[in-house]
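I have placed the structure first, in the form of structure tokens, so that the comments after it can refer back to it.
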Amino acid sequence: MGLGACVLRVAWVAMIAVVLFGGLAHAGDRASSDRQDQLELVGPWPASDDEVQRLLRVYTEVFRRLGLGVRYREVPARRASDLAERGLADGELSRVYEYGNHFRNLVRVEEPHHEKVLRAYCLHGPVLDGWESLKDVSARVECPRGVVACLDNVRRYVPAERIYENDTLEQGLQRLLRGRVDVYIDVSERVEAFLQSRVATGHADYAEIHSVGDMEVVKGYLWLHKRHAGLAWHVAETLREMKRSGEFQQLYGE
């Protein structure tokens with residue numbers, strides 16, 4: 001074999017090795033949808049969460065009709081964004097309408113699956129009514145990390161040094177109880193279910209937390225990586241059909 005042939009063969013071997021090892025390096029993060037038969041959706045809530053279970057019932061049926069399976073993986077909010085944006089997950093289970101303003105590679109399914117109230121909670125705080133009311137108080141405000149519907153609006157009216165983020169609902173409410181923040185804003189349904197469960201199990205200090213105003217009603221949407229842009233239309237149409245027939249309400253639990 002001549003010198004030129006040897007060099008060419010070594011180059012081919014090296015290139016194959018790079019492809020193989022590169023694939024292995026990302027194998028742990030790749031969504032199972034690489035097989036084209038199942039989508040992986042990510043989000044920051046436990047799979048046991050009531051709302052997650054409702055949405056999974058709906059989307060399991062939606063994707064079944066489209067010939068696909070679906071599975072859910074809990075990861076921190078920022079990690080969920082990163083995985084979906086990079087295509088290492090197929091999408092995010094639920095984000096607000098404006099979520100795509102922050103990401104280039106995500107496509108919104110143009111039919112919402114729910115409406116939720118973002119509500120403010122305090123121990124001893126002022127009455128609030130909408131985001132603009134925050135500009136009239138000198139409060140330290142906390143939101144769930146990565147929840148753009150909360151953070152984007154708070155940043156419009158509150159200086160950065162008075163804005164805090166948390167990784168879990170319990171963490172945020174604990175900081176409120178300990179006086180480290182003055183206002184906590186999150187989805188009312190989730191906060192109030194958590195408070196009720198804590199008070200019922202003997203944690204009386206949580207009874208001191210009370211709502212002080214609604215900030216906004218937001219709609220939740222499924223977001224898919226852009227490689228599924230063609231699928232997004234079919235998902236939206238399937239959701240609309242299920243709502244017309246009443247099947248959505250049966251699965252979601254309304």
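The first residue in the sequence is number 1, and the count goes up from there. Note that these values count all heavy atoms, side chains included, but never hydrogens, waters or copies made by symmetry.
- Between the S245 side chain and the M242 main chain, a donor and an acceptor come within less than 3.5 Å of each other.
- Residues S94 and L55 have side chains in contact (heavy-atom distance under 4.5 Å, counting atoms from C-beta outward).
- Counted by atom type alone, D152 and H102 present one or more donor-acceptor pairs between their side chains at under 3.5 Å.
- With respect to H114, the side chain to side chain donor-acceptor pair (under 3.5 Å) criterion is satisfied by exactly one of E51, K219, E189: E51.
- Remark: P46 pairs with S48, D49, E74 by the side-chain contact (heavy atoms from CB on, under 4.5 Å) rule, at least two apart or across chains.
- Side chain of Q171 to backbone of D167: a donor-acceptor contact under 3.5 angstrom is found.
- The closest side-chain donor-acceptor pair between S138 and R162, if any, does not fall under 3.5 angstrom.
- The closest side-chain donor-acceptor pair between Q174 and R178 falls under 3.5 angstrom.
- Taking Ile, Leu, Val, Met, Phe, Trp and Tyr as hydrophobic and joining them when side-chain heavy atoms fall under 4.5 Å apart, one finds V191 in a cluster with Y121, L123, Y164, L169, L173, L176, L177, V181, Y184, F194, L195, V199, Y206, I209.
- Put simply, the residue from Y59, Y252, Y221, F248 that forms a ring-ring contact (aromatic ring centres under 6.0 Å, His included) with H113 is Y59.
- Remark: side-chain polar atoms of D90 are paired, donor with acceptor, to backbone N or O of E40 under 3.5 angstrom.
- Expressed to the nearest 0.5 Å, how far CD of E92 lies from OH of Y72 amounts to 9.5 Å.
- Judged by distance alone, with hydrogens and angles left aside, the side-chain atoms of R119 form no donor-acceptor pair with the main-chain N or O of E216 at under 3.5 Å.
- Checked by atom type and distance alone, the side chain of Y99 never pairs as donor or acceptor with a backbone atom of V148 at under 3.5 Å.
- In the hydrophobic clustering (ILVMFWY side chains linked at under 4.5 Å, chained through shared members), V217 is joined by V117.
- Counting heavy atoms from C-beta on, the side chains of N153 and L134 never come closer than 4.5 Å.
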